[in-house]
Protein chains: 2
Amino acid sequence: MALARKWRLPLGYDQAMTAGLPPTDNGRLPLRERKKLRMRQALIDTALEVFTTRGFSGVTLDELCDAVDVSKRTFFRNFASKEDVAMAPTQDLWRAFLDELETREPDGRPLAEMLQQALFAALERMTEEGWNRRVLLSRRLAEKTPSMDAHGLRFCHETSRTALGTLHRRLHFPAPDDLRPQLALDLLVAAFHCALDRWTHRPDTPTRSDLATDMRNAFTALPGSLTLTVNPQAR
Amino acid sequence: MALARKWRLPLGYDQAMTAGLPPTDNGRLPLRERKKLRMRQALIDTALEVFTTRGFSGVTLDELCDAVDVSKRTFFRNFASKEDVAMAPTQDLWRAFLDELETREPDGRPLAEMLQQALFAALERMTEEGWNRRVLLSRRLAEKTPSMDAHGLRFCHETSRTALGTLHRRLHFPAPDDLRPQLALDLLVAAFHCALDRWTHRPDTPTRSDLATDMRNAFTALPGSLTLTVNPQAR
DNA sequence: CGCGCTAATGCCACTGAGTGGCATAACTGT
DNA sequence: ACAGTTATGCCACTCAGTGGCATTAGCGCG
């Protein structure tokens, strides 16, 4: 068998990839599950690596699958699309965010602030070795790859809709058709993307706390974006 | 030849589809151009019709092309993808918006307001017969079709980046890396999508001025989305 | 320790989107 | 009417994504 080199791949795959979902000690998961996680992580890491060097469209799925010794059929049981595998790191963050929303209690402060803190908390959870590196590769890739960007945007949009459902379920707003909660979520997403953009263009390999900084900056810039004026004679 | 029924299709195709781009009197365009526009419009209309009745994935491109008597090769010279043809109506609006941005002068009022007015002006330009019906079909379709939604989101994102470039070129902001202009654009897009959502779910066939109303509502809800608070004992 | 049970995997064939190349037809201006 | 340009049609091809079915591998139980 080719089992010898099957798992000899860039990073360590024994850590969790479940991000912040069930905070289970996956070291004690059934063997079958751990294998699945290893394979999933292997696919993600090799995808990021090979897409980065040869371009997203420069690599066929067959090639990727060959590199990880997985059948294409199995690939599609783990990822929805070719784009999906390369967007996994960011998706982990948003899943953690949704999870945070489930447990947080309102404290009388603005909803927008609560959402921002949930996102910070989600970021804190991304403790896997090399998570920031993966996100970085993923984002830099997405910038050059329209279809990846599109899938990423849709995922965020979908997530914000799910989050909206959670908000309505947990804290009952007086008016069920109030636009503001939805807008608050969209603003959060917009600011986050802004921050992510900046972070992605930092030199070298920025850290997770760099991202937190960029997020803080974007969040504080948010109110000013509605009031910013340009004086007519500026031209 | 099948030329007899070639253009016998749902709507009138002699009107412009150039939305708000060059405000040319396309009644006096060269014959070749008018034919192209007719074909383009025929593809859009039949696509919307047939996607609506049989579902986006229930229709192959070959079928669509057959219905309009166009080769698949030609289809792809006019549209970037299968999704693209069904998203054309909304794209016209954003192109008109970009065009508005090119000519508008700052008047000392907030940038966000200026952007909103540019979008209103763009909406005013969408005077084609049945534009609202097309947007409606397009949006209702996008709701059920993830890939369409994704392409739509990406197009908006791309447009807002282009707009950002225009802003920086025409009105020189003091700080070139100020996040606020970018955020202002993203908020505009978010509010617009919010409005479009509401509009799409109105009963019957809402009008263009209904959309303007929904947009106004979304824009005015924008500031409140940052300050909205939930009281802790609301649960 | 071995033996079914279940669920994931691999394999194969197939659909359909999207592309490149090249010959042909259709409009253009003179 | 004629030459020049430009879009179109056709053909063959790649590759993402899917369904069905046989095979394998981890799991639990005696």
Side-chain angles (χ1 to χ4, degrees), chain A residues 1-4 6-7 14 26-43 47 50-51 54-87 141 145-148 150-151 154, chain B residues 1-3 6-7 13 17 26-43 47 50-51 54-87 141 145-148 150-151 154:
Chain A
M1 318 272 150
L3 261 180
K6 189 166 187 175
W7 305 116
D14 262 330
N26 45 14
R28 280 296 148 234
L29 278 176
L31 172 58
R32 197 188 261 168
E33 298 302 315
R34 276 184 297 161
K35 261 190 144 177
K36 273 192 83 162
L37 292 186
R38 275 212 310 270
M39 178 191 66
R40 186 187 153 84
Q41 199 58 53
L43 279 169
V50 75
F51 288 166
R54 294 158 53 194
F56 181 77
S57 57
V59 183
T60 68
L61 270 184
D62 293 302
E63 289 171 323
L64 173 60
C65 291
D66 278 357
V68 191
D69 261 315
V70 162
S71 78
K72 199 171 59 169
R73 199 69 190 75
T74 300
F75 174 92
F76 281 107
R77 287 194 192 93
N78 287 272
F79 300 98
S81 67
K82 189 184 178 185
E83 289 81 19
D84 199 37
V85 67
M87 302 295 291
L141 217 37
T145 314
S147 70
M148 267 184 67
H151 275 74
R154 203 191 72 81
Chain B
M1 315 281 145
L3 261 179
K6 189 165 186 174
W7 304 116
Y13 301 112
M17 52 55 59
N26 45 12
R28 279 297 144 236
L29 278 177
L31 171 59
R32 193 187 266 167
E33 298 302 314
R34 276 183 298 161
K35 262 190 145 176
K36 273 192 84 160
L37 293 187
R38 275 212 310 271
M39 177 191 65
R40 185 187 154 84
Q41 199 58 52
L43 279 169
V50 76
F51 288 168
R54 294 158 54 196
F56 181 78
S57 57
V59 183
T60 69
L61 269 184
D62 292 303
E63 289 171 324
L64 173 60
C65 290
D66 277 358
V68 192
D69 261 314
V70 161
S71 78
K72 199 171 61 168
R73 199 69 189 77
T74 300
F75 175 92
F76 281 107
R77 288 195 191 92
N78 288 271
F79 300 97
S81 66
K82 188 184 177 186
E83 289 81 19
D84 198 38
V85 68
M87 303 294 292
L141 217 36
T145 314
S147 70
M148 267 184 67
H151 276 72
R154 201 192 72 81

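So you know, we letter chains A, B, ... as the sequences are listed, proteins then strands, and number each from 1. The shown structure was predicted, so the numbers you read here are calculated from the model rather than taken from an experiment. Computation of the quantities below employed the complete heavy-atom set of this structure, encompassing side-chain atoms and omitting hydrogens, waters and symmetry-equivalent molecules.
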- Does the base of D:dG17 carry an N or O that pairs as donor and acceptor with the side chain of A:Arg73 under 3.5 Å? no

- Note on the structure: Against the side chain of B:Lys36, the closest entry in D:dG17, D:dA7, C:dA17 is D:dA7

- Query: What string of B, S and - do you get for nucleotides 2-7 of chain C, 5' to 3', if B is base contact, S is sugar-phosphate-only contact and - is no contact with any protein heavy atom under 4.0 Å?
  - Reply: ----BS

- Item | Under-4.0 Å side-chain N/O to phosphate OP1/OP2 contact, A:Lys35 with D:dG26 | yes

- Message: Does any part of the side chain of A:Glu33, heavy atoms only, come nearer than 4.5 Å to the side chain of A:Leu37, both counted from C-beta?
- Response: no

- Can you check the A:Leu37 CG to C:dT9 C1' distance for me, whole Å? 16 Å

- Query: Which residues, if any, of residues 57-64 of chain B bring a heavy atom under 4.0 Å of DNA chain D?
  - Reply: none

- Query: In whole angstroms, how far is the P atom of D:dT6 from the CZ atom of B:Arg77?
  - Reply: 14 Å

- Separation of D:dA7 P from B:Asn78 CG (nearest whole Å): 10 Å

- Check the distance between D:dT14's C1' and A:Lys72's NZ and give it to me in whole angstrom. 11 Å

- Message: I need the CD-C1' distance between A:Glu33 and D:dC27, as an integer number of Å.
- Response: 11 Å

- Message: Output the rounded distance in Å from CZ (B:Phe79) to C1' (C:dG18).
- Response: 15 Å

